[in-house]
Participant: 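Here it is, the structure in full.
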Amino acid sequence: MKIPSDVRRAARDGLLRTTTAGMAPGFAQANLAVVTRDWAGEFREFCERNPQPCPLLDVTEPGSPRPMRLAPDADIRYDLPGYRIFRDGSFTDATDLASVWTNDMVAFLIGCSFSFEDAMLRDRIPVRHIELGRTVPMFVTNIDCTPVGRLSGPTVVSMRPIPLGSVDRVREICARYPGSHGAPLHIGDPSAIGIADVGRPDFGDAVPIGPDEVPVFWACGVTPQIVLDRSGCPTWASHKPGCMFVSDREETIDRLRATTA
């Protein structure tokens, strides 16, 4: 699917329940975090202080499911392929947020690394999980986020194998997309950032790394899921890993910027 509204409609109608990687090329995708109003101020400040894993693209008004900056006709409650609803330290997968949405909810849309993958593909740099039809592998690291109030925890990263000769080019491309996590956070040895086995991701699917490739790691928008869970937030919701919100915002190189407005 190449049109963002088509992706959202397919999710709303129950026809799309898989990763959105590679869909609607040229348009920004976003992670989702939904918290109650009493956590929203701290969460917003947390994102502002941790812009690499949590680049804010849009924030809804309390109780409103409409992301006015990214897609004003969209409905956050239904327009993603999959959700997770967290209550008291455990979660359930869901196909919508209708059962938990209240007038107290605030939705945060956070930039996604899927957004720069199109630029990599246009430069003929392979993206392994798209080639294989899998969800990008994600790992919890030993890199702590800057804490804010009740919120603290480690950074989550996504990983893509990159040919050794393309690493500098990948760094250059991704640095132009600060609203999509920007340049890689780490290149090479996974153990240096607390990853014991790169073949066993904490989220998503494992992908092979070739002998002429190096694992490259980007800050990941799943970070808020770990932070909210470890910080004791009692009720909140997010996207299911890999199942992003596809926005109407075009990814114009050097213009896809995070916003705190």
Participant: For Asp205 and Pro137, which heavy atoms make the closest approach, and how far apart are they?
Facilitator: O-CB, 3.2 Å
Participant: Can you find a pair of side-chain heavy atoms, one from Val216 and one from Arg160, that are under 4.5 Å apart?
Facilitator: no
Participant: Would you say the side chain of Val106 lies within less than 4.5 Å of the side chain of Val59, judging by non-hydrogen atoms?
Facilitator: yes
Participant: Search all heavy atoms of Val246 against all heavy atoms of Arg8 and return the closest pair with its distance.
Facilitator: O-NH1, 2.9 Å
Participant: Show your working on side chain to side chain donor-acceptor pair (under 3.5 Å) between His239 and Gln29 and close with a plain yes or no.
Facilitator: CA-CA 12 Å; His239 65 291; Gln29 297 197 31; over 6 Å; no
Participant: Thr60 side chain to Pro67 main-chain N or O, any donor-acceptor pair under 3.5 Å?
Facilitator: no
Participant: Name the one of Arg169, Glu213, Met120 that satisfies side-chain contact (heavy atoms from CB on, under 4.5 Å) with Ile162?
Facilitator: Met120
Participant: Please work out whether the ring planes of Trp236 and Phe86 are parallel, tilted or perpendicular, with thresholds of 30° and 60°.
Facilitator: parallel
Participant: Do the non-hydrogen side-chain atoms of Phe114 and Met23 ever get within less than 4.5 Å of each other?
Facilitator: no
Participant: Provide the closest heavy-atom pair for His181 versus Gly111 in the form atom of the first, atom of the second, distance.
Facilitator: NE2-O, 2.8 Å
Participant: Between Leu228 and Ile110, is there shared hydrophobic-cluster membership here, with clusters defined by ILVMFWY side-chain heavy atoms closer than 4.5 Å?
Facilitator: yes
Participant: For Glu61 and Arg66, what are the C-alpha separation, side-chain angles and deciding distance, and is it a salt bridge (Lys or Arg N to Asp or Glu O under 4.0 Å)?
Facilitator: CA-CA 8 Å; Glu61 293 295 324; Arg66 305 291 182 186; over 6 Å; no
Participant: Begin with the C-alpha distance, continue with both residues' side-chain angles, and end with the deciding distance and a verdict on side chain to side chain contact (heavy atoms under 4.5 Å, CB included) for Arg69 and Leu57.
Facilitator: CA-CA 8 Å; Arg69 286 180 173 270; Leu57 300 183; over 6 Å; no
Participant: Would you check if there is a donor-acceptor pair between the side chains of Thr102 and Asp104 at a distance under 3.5 Å?
Facilitator: no
Participant: Flag the pair Ser152 / Val227 as yes when at least one side-chain heavy-atom distance between them is below 4.5 Å, and no otherwise.
Facilitator: no
Participant: What closest approach, in Å, do Thr19 and Ala21 show between heavy atoms, and which atom pair accounts for it?
Facilitator: OG1-N, 3.2 Å
